[in-house]
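A short worksheet on the structure shown next.
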Amino acid sequence: MLTQWLIGLIASTFFRKVFVDRKGHNLQTDSRSNILDFSPAELETIVTELGDKKFRASQIFGWLAKGVSSFDEMKNVPAALRNSLADKYFIGLPEAVKKQESKDGTVKCLFEFPDGTQIESVFMKYEYGNSICISSQSGCRMGCSFCASTMDGLDRSLTRGEMLGQVLAMRNLTGEDIGHVVVMGMGEPFDNYDELSGFIRLIHDRKGYDLGLRNITVSTCGLIPKIKEFASDFPQVNLAVSLHAPNQELRARTMPVAKKFAYDDLIRACREYTEVTGRRITFEYAVIDGVNDSAECAEELSSRMRGWLSHVNLIPLNEVKGREYRKANERSVAAFRRILENNGVAVTVRRTLGSDIDAACGQLRRNR
Ligand code: SAH
């Protein structure tokens with residue numbers, strides 16, 4: 001009897017933890033949707049179906065952009081509508097399950113969505129204002145061999161509302177305005193293109209967060225067809241491309257994506273992007289000791305970058321537990337930079353923020 005009771009108790013506690021979210025909604029039977037996923041036009045359909053007037057949609061969209069976590073906070077929305085919304089929808093802000101703060105003001109969060117999916121977001125302070133680095137997927141299937149996010153493959157892609165939710169939750173958490181968004185956290189944004197585009201439209205919407213397109217940067221490992229699509233869909237949004245090598249052979253060694261999209265084709269697509277949009281591309285180059293940090297690499301990279309709207313951002317490698325790569329020392333990074341400069345290539349060395357915390361993308365989730 002007692003044993004049965006004990007087993008029952010343990011089982012019910014376990015299942016409660018797994019299947020019930022923090023607000024007590026049963027995730028197994030919960031068919032509610034994340035209201036953050038909807039545009040003002042879609043919200044109009046939702047509120048009219050619930051028997052209210054179209055203009056309520058703008059009110060609700062405005063409240064969501066303020067970061068409210070419950071429908072009851074939407075003061076000018078009638079209680080009847082708030083209740084019927086809560087029956088069908090939830091406000092999918094992620095919860096910070098782990099938080100690290102650096103002396104320089106950087107805040108790194110392990111966020112968890114109601115279904116238990118965990119991702120990372122980082123808040124950073126720059127001279128030009130505050131910025132957040134958000135994730136577009138939990139895990140990643142691109143397989144770059146120096147990156148922590150890809151070690152367990154792809155868990156799942158995030159929705160547009162889950163990308164927006166990271167910005168709202170981070171603003172709530174820090175109490176600071178966030179005027180720049182970089183999609184450079186976990187995942188490959190162009191492997192989740194529809195949701196990425198939906199997110200950009202949501203956060204740019206004047207009725208909501210109203211973020212300027214020029215204040216958004218998307219980073220890709222180089223999915224060529226999507227670079228072309230992005231140039232035509234969002235010519236005002238900044239693009240960064242993770243290059244990390246001066247040629248095909250070296251790139252294919254660390255980035256499996258190079259086997260699908262060859263180096264020369266990638267550079268050609270990037271040049272086309274700059275011609276179509278009139279905007280420069282930032283190429284990220286993590287300098288790895290003994291792999292891509294030689295003077296020959298710098299000369300070869302210069303020859304590919306010279307004479308068009310390119311910019312190289314040298315990144316000191318974040319060493320990842322379980323990966324053999326080591327970061328190049330400061331002297332070789334400085335020498336690498338000088339070679340690019342002498343060849344007339346625009347180059348910067350990324351300022352390291354949050355170096356006293358688990359700064360490398362994907363590390364916080366693995367160290368839980
Ligand atoms: N998938 C996208 C965005 C996510 S990664 C992309 O590849 O661009 C964001 C940036 O961090 C990329 O440039 C990526 O190559 C780089 N990165 C990944 N692991 C790193 C590490 N250990 N040290 C330094 N940069 C790293």
Side-chain angles (χ1 to χ4, degrees), residues 108 119-122 124 131-155 157-158 163 166 181-193 195-196 199 216-224 226-227 230 237-245 250-258 260-261 263 266 269-270 273 281-289 291-293 301 311-328 333 336 348-355 357-367:
K108 182 156 190 172
I119 51 93
E120 295 176 19
S121 317
V122 187
M124 289 158 291
S131 171
I132 184 174
C133 173
I134 63 162
S135 295
S136 55
Q137 298 179 312
S138 172
C140 182
R141 55 182 186 148
M142 296 299 122
C144 301
S145 60
F146 44 79
C147 178
S149 298
T150 202
M151 287 172 104
D152 299 321
L154 178 67
D155 174 7
S157 286
L158 301 186
M163 291 182 228
Q166 295 169 57
V181 173
V182 298
V183 189
M184 246 185 225
M186 302 174 74
E188 167 52 43
F190 284 177
D191 188 33
N192 186 19
Y193 191 82
E195 292 307 312
L196 172 79
F199 160 69
I216 304 173
T217 302
V218 174
S219 176
T220 178
C221 64
L223 308 184
I224 293 175
K226 297 297 175 200
I227 293 178
F230 193 68
V237 176
N238 305 298
L239 182 65
V241 172
S242 301
L243 198 60
H244 304 314
L250 209 54
R251 192 165 194 261
R253 252 196 255 165
T254 53
M255 300 182 72
V257 69
K260 185 145 186 220
F261 298 110
Y263 199 91
L266 176 61
C270 290
Y273 170 95
I281 290 189
T282 297
F283 289 95
E284 293 153 285
Y285 194 104
V287 199
I288 312 175
D289 183 38
V291 175
N292 63 1
D293 63 340
L301 183 65
H311 173 264
V312 175
N313 194 13
L314 299 177
I315 310 171
L317 182 84
N318 276 308
E319 294 180 3
V320 173
K321 266 183 228 152
R323 299 288 206 205
E324 76 270 31
Y325 299 113
R326 294 290 157 256
K327 73 173 182 200
V333 176
F336 201 96
T348 44
V349 177
R350 185 182 286 176
R351 212 176 109 214
T352 314
L353 288 177
S355 52
I357 56 182
D358 281 327
C361 152
Q363 297 230 104
L364 204 57
R365 178 161 153 271
R366 294 189 62 79
N367 288 350

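Counting starts at 1 for both ligands and their atoms, in listed order. Because only heavy atoms are used, hydrogens play no part in the values below, and waters and symmetry mates are left out as well, while side chains stay in.
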key: Per atom 2 (C) of ligand 1, closest listed option by heavy atom (Cys144, Cys133, Ser219, Ser149)   = Ser219
With heavy-atom distances below 4.0 Å as the criterion, list the atoms of ligand 1 near [X].
| X | value |
| --- | --- |
| Gly187 | 1 (N), 2 (C), 3 (C), 4 (C) |
| Cys221 | 6 (C), 7 (O), 8 (O) |
| Ser242 | 6 (C), 7 (O), 8 (O), 12 (C), 13 (O), 14 (C), 15 (O) |
| Gly185 | 4 (C), 5 (S) |
| Glu284 | 10 (C), 12 (C), 13 (O) |
| Val320 | 22 (N) |
| Cys147 | 18 (C), 19 (N) |

Any side-chain heavy-atom pair from [X] and [Y] closer than 4.5 angstrom?
| X | Y | result |
| --- | --- | --- |
| Leu317 | Asp289 | no |
| Asn292 | Val287 | yes |
| Glu284 | Ser219 | yes |

Taking the non-hydrogen atoms of [X], is any one of them nearer than 4.0 angstrom to ligand 1?
| X | result |
| --- | --- |
| Cys140 | no |
| Glu319 | no |
| Met184 | yes |

message = Whether the side chain of Ser131 engages the backbone of Met124 through a donor-acceptor N/O pair (distance < 3.5 Å, no angle test) should be reported.
response = no
ask   = Is a side-chain N or O of Glu188 found less than 3.5 angstrom from the main chain of Cys221, in a donor-acceptor match?
value = yes
query = Is Glu120 paired with Lys108 through a side-chain N to carboxylate O contact shorter than 4.0 Å?
reply = yes
query = Just wondering, more than 12 heavy atoms not from Arg323 lying within 6.0 Å of its CZ?
reply = yes
Which segment of [X] sits under 4.0 Å of ligand 1 when only heavy atoms are counted:
| X | value |
| --- | --- |
| His244 | side chain |
| Val241 | neither |
| Leu317 | both |

remark   = Exactly one candidate in Asp191, Asp152, Asp155 meets salt bridge (Lys or Arg N to Asp or Glu O under 4.0 Å) with Arg141; the answer is Asp191
key: Heavy-atom closest contact (Phe261 atom, Arg251 atom, distance)   = O-NH1, 4.4 Å
